[in-house]
Engineer: 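I have a structure I would like to understand better, so I am pasting it below and will then ask my questions one at a time.
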Number of protein chains: 2
Amino acid sequence: MRGKQATIWDIAVKLNISISTVSRALRNAADINPETKKAVLKLASELDYQPNAIASSLRNSKTNIIGIIVPEFIHAYFPKVILGVQDVANQSGYKLMISQSGESLEIEKANIHAMVSSRVDGLIMALSRETDTYDHILSVQKRGIPVVFFNRFADELTGSKVLVDDYKGAFEAVDYLIRTGCRRIAHLAGPEKLTMSGNRIKGYLDALKAHNIPVLEELIIPCDFMEGKARQATQHLLNMKERPDAIFVVNDPTAIEALICLKENNVRIPDEISLICFSNAPHSTFVDPPLSAIVQPLFKIGQTAARLLIGQVEQGKNFIPSTEKLETELVIRKSTRPLF
Amino acid sequence: MRGKQATIWDIAVKLNISISTVSRALRNAADINPETKKAVLKLASELDYQPNAIASSLRNSKTNIIGIIVPEFIHAYFPKVILGVQDVANQSGYKLMISQSGESLEIEKANIHAMVSSRVDGLIMALSRETDTYDHILSVQKRGIPVVFFNRFADELTGSKVLVDDYKGAFEAVDYLIRTGCRRIAHLAGPEKLTMSGNRIKGYLDALKAHNIPVLEELIIPCDFMEGKARQATQHLLNMKERPDAIFVVNDPTAIEALICLKENNVRIPDEISLICFSNAPHSTFVDPPLSAIVQPLFKIGQTAARLLIGQVEQGKNFIPSTEKLETELVIRKSTRPLF
DNA sequence: CTGAAAGCGCTAACAT
DNA sequence: ATGTTAGCGCTTTCAG
């Protein structure tokens, strides 16, 4: 054995056969004597041989690695999606290289370079909140590396997308609030550059319009997913002469902040103010009161993204980008009033 | 350009120089004409050249990838540690390959194989709750790949470790409970195979002994980190003729389950039963009541693990395993009684 | 300061 | 059914 780790060369020498025969035996190719194969497999196991993926990647120009770039994985959202990706990826023989942009465009770019250098076969990503230029992503696509976006993307970008029906979910949530008697409904919105934010705002607006409720611009506050921003925005709402009687929140961490702020101000939920959010974090269920929410199928988002991506990777460079839109579910808990 | 992606060969041909010169220019080696270097760098950038990490890994027998295997990353614990790892790793030019064992020994083994195949330079890991054989890990170490453990390890294993002072943290927590007047203190413990579980139990026991409080075996219930197990155990405690007046819980997800169970049974916290846990998840702060906890320096655990590992990777195969023990902090919130 | 050439471990024609 | 050989893209002696 030359280094610490056995290679097909070691096996070949000990068995007095050629390395190509060993290679064939190991990947149970067609033309191979069962006896030879058995001997190779036996010795391989004795030597604790593990194929060198680096070498075969180089040879095959294929790494079987899928890159994932997400803004963060402190909150449960992205990890749950990644779980879904892992499910499909591992079953199809792909490994995952994961990194976080920390919501920073600079780090996102650095991550992309690392992924390209590592020659990932494809990339699944959700943009950072800062991302407003797209050269780094175009560069990946120009190399023929397929990219699948989820959750956070921008209309300027082509590429496959896995989305939830943000518009419909938002509409349903606000519609529900109205049907429980709320009339002055605020919206803590997401970063303006993200398509998702716009769609949720549109759903919010249309639900109001559908019920002939006037839109008040001052009740729509973009929150940018910055820590502390939601709290500040909520406090701002509470300081108004006329307080809102409901808040529709763009996502879960933002909603938690809003909730804490409401409680600090001794606002009774949902009697004085109802709270509902786009979400799927488990905390929603064990904060007090448990949050009503538009729940997204996170695991399935991950699975779908992985399936789309692997499909594109394997069908070669002429894939057609496609978009899959998944349904959300309105789950009513205790932070909104009952219907009757 | 041969394929989609530029190589040093492409640069060499266009500049009519040799690939070795290009290579030197790109890694600003010593003996290189500044003019040549400038030309190479310029063309590289024009071609959007990204070095092929696969090729250089093969050549150098070094991937600059650190593998991380954790049981899960749904709860905030492991992601926060990974953040710390990423911090140090990226600064030192390493990439991360992350996977989850899903608390399964089988998957842990598969992950290890994948990591070995990918020729990671080192491995950072926390064992799954099922792990009770260690051949797969020994096999990694036999290859000369350094392994650093954190949070979950076993005494049978050698290798570097980053720990928190489980014994001391547990002792302090239980001591605090006693000083607030609790006498019948239960413990929802971790899986028995993990060293950590044992140390926390020992801290629990010694605190009781220090105050001359008799140990009641039936109040110590191992919870194995299985979903639902903690709830069941808590219910069991509540069904006793004489209920405990405090519960010390091995970790955060377990504590959340216990909390929910207590609330379902309309137990007043902390008046009837105090609750305290080993933790660092942010939920602790926004459940109702916020949980008192022994807080661990998660980011620092990750940084320390990465630093240890990279040190070992770079100082070659003769590294000496070492153990770093970090301090915890007792944070009193609302789930325990005040001292006076 | 630059070029030629070997080789990291593996796969896949192409021979035999 | 097996062996020979070239080469994936890069780094690194060794020569010049």
Side-chain angles (χ1 to χ4, degrees), chain A residues 1-41 44 47-65 93 116-121 143-144, chain B residues 1-41 44 47-65 93 116-121 143-144:
Chain A
M1 233 184 288
R2 293 195 275 211
K4 267 281 197 195
Q5 312 219 40
T7 70
I8 52 171
W9 185 86
D10 299 306
I11 298 178
V13 168
K14 291 216 175 150
L15 256 34
N16 207 19
I17 56 179
S18 81
I19 58 166
S20 39
T21 303
V22 176
S23 175
R24 276 187 275 260
L26 253 18
R27 284 168 307 104
N28 47 49
D31 295 342
I32 181 83
N33 184 325
E35 293 299 310
T36 319
K37 185 171 160 183
K38 222 170 74 184
V40 168
L41 257 30
L47 295 178
D48 200 8
Y49 170 81
Q50 289 288 341
N52 185 327
I54 300 296
S56 75
S57 293
L58 183 60
R59 171 61 228 236
N60 298 330
S61 306
K62 179 148 195 304
T63 53
N64 282 287
I65 296 179
V116 169
S117 255
S118 296
R119 295 298 190 264
V120 295
D121 292 335
R143 289 163 196 273
Chain B
M1 234 183 287
R2 291 194 276 210
K4 267 283 196 191
Q5 311 219 40
T7 70
I8 53 170
W9 184 88
D10 298 306
I11 297 178
V13 167
K14 292 215 176 149
L15 255 34
N16 206 19
I17 55 179
S18 79
I19 58 167
S20 35
T21 303
V22 176
S23 174
R24 277 188 273 259
L26 253 17
R27 283 167 308 103
N28 48 49
D31 295 342
I32 182 82
N33 184 324
E35 293 300 310
T36 318
K37 185 171 160 182
K38 221 169 76 185
V40 168
L41 258 30
L47 295 179
D48 200 6
Y49 168 81
Q50 290 287 342
N52 184 326
I54 301 294
S56 73
S57 293
L58 183 61
R59 170 62 228 234
N60 297 331
S61 307
K62 180 148 195 306
T63 53
N64 282 288
I65 296 180
V116 169
S117 257
S118 296
R119 297 296 190 266
V120 296
D121 292 336
R143 289 163 195 273

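We name chains A, B, ... by the order of the sequence lines, and we start the count at 1 in each one.
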Engineer: Mapping A:Q50 and B:S20 to their closest nucleotides on DNA chain C, which lands nearer the 5' end?
Structural biologist: B:S20

Engineer: To the nearest Å, give me how far apart CG (A:L58) and P (D:dA6) are.
Structural biologist: 18 Å

Engineer: By nearest heavy atom, map B:Y49 and A:T36 onto DNA chain D; which one lands nearer the 5' end?
Structural biologist: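 Taking each residue's closest nucleotide, the earlier one in sequence belongs to A:T36.
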
Engineer: Measure the distance from CD1 on A:I19 to C1' on C:dG7 and round it to the nearest whole Å.
Structural biologist: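 It is 12 Å, rounded to the nearest whole Å.
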
Engineer: To the nearest angstrom, how far is B:R143 atom CZ from C:dG9 atom C1'?
Structural biologist: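 Taking CZ of B:R143 and C1' of C:dG9, I get 14 Å after rounding.
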
Engineer: Supply the atom-to-atom distance A:Y49 OH to A:D10 CG, rounded to the nearest 0.5 angstrom.
Structural biologist: 9.5 Å

Engineer: From C-beta outward on A:S56, which listed nucleotide comes closest to its side chain: D:dG9, C:dT2, C:dC10?
Structural biologist: C:dC10

Engineer: Can you tell me how far C1' of C:dT2 sits from CG of B:N33, to the nearest Å?
Structural biologist: 10 Å

Engineer: Of all the nucleotides listed (D:dC10, C:dC8, C:dT2), which has the minimum atom distance to the side chain of B:T21?
Structural biologist: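 The answer is C:dT2.
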
Engineer: Do you know which two heavy atoms are closest between B:Q50 and A:R119, and how far apart they sit?
Structural biologist: O-NH2, 3.0 Å

Engineer: For the base of C:dG3, is there a side-chain donor-acceptor partner from B:R24 under 3.5 Å away?
Structural biologist: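 Present.
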
Engineer: Tell me which nucleotide among C:dG9, D:dG9, D:dT13 gets nearest to the side chain of B:N52.
Structural biologist: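 Selected nucleotide (nearest to the side chain): D:dG9.
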
Engineer: Measure across A:I54 and B:S118 and return the closest heavy-atom pair with its distance rounded to 0.1 Å.
Structural biologist: CD1-O, 3.7 Å

Engineer: NA contact type, B:I8, heavy-atom cut-off 4.0 Å: base, sugar-phosphate, or nothing?
Structural biologist: base

Engineer: In whole angstrom, give the distance that lies between atom CD of B:Q5 and atom P of D:dG9.
Structural biologist: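 Between P of D:dG9 and CD of B:Q5: 10 Å.
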
Engineer: When you get a sec, tell me which of D:dG9, D:dT12, D:dG3 is the closest nucleotide to the side chain of A:I17?
Structural biologist: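 The answer is D:dG3.
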
Engineer: Determine whether A:V40 and A:R24 make a side-chain contact, defined as any pair of heavy atoms from C-beta on separated by less than 4.5 Å.
Structural biologist: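 Of all side-chain heavy-atom pairs linking A:R24 with A:V40, none is under 4.5 Å.
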
Engineer: Grab the CG-P distance between B:D10 and D:dG9 for me, whole Å please.
Structural biologist: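 Taking CG of B:D10 and P of D:dG9, I get 9 Å after rounding.
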
Engineer: Taking the side chain of B:R27 as heavy atoms from C-beta outward, which of C:dC10, D:dG9, D:dT12 is closest to it?
Structural biologist: D:dT12

Engineer: If you pin B:S18 and B:N60 to their nearest nucleotides in DNA chain C, which one's is more 5'?
Structural biologist: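 The residue closer to the strand's 5' end, by nearest nucleotide, is B:S18.
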
Engineer: Just compare D:dT12, C:dT2, D:dT2 and give me whichever is closest to any side-chain atom of A:D31.
Structural biologist: D:dT2

Engineer: Write down the distance between CH2 (B:W9) and P (D:dC8), rounded to a whole number of angstrom.
Structural biologist: 9 Å

Engineer: Where do A:K62 and A:N64 come nearest, in terms of heavy atoms and distance?
Structural biologist: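 Looking at all heavy atoms of both residues, the closest pair is NZ-OD1, 3.0 Å.
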
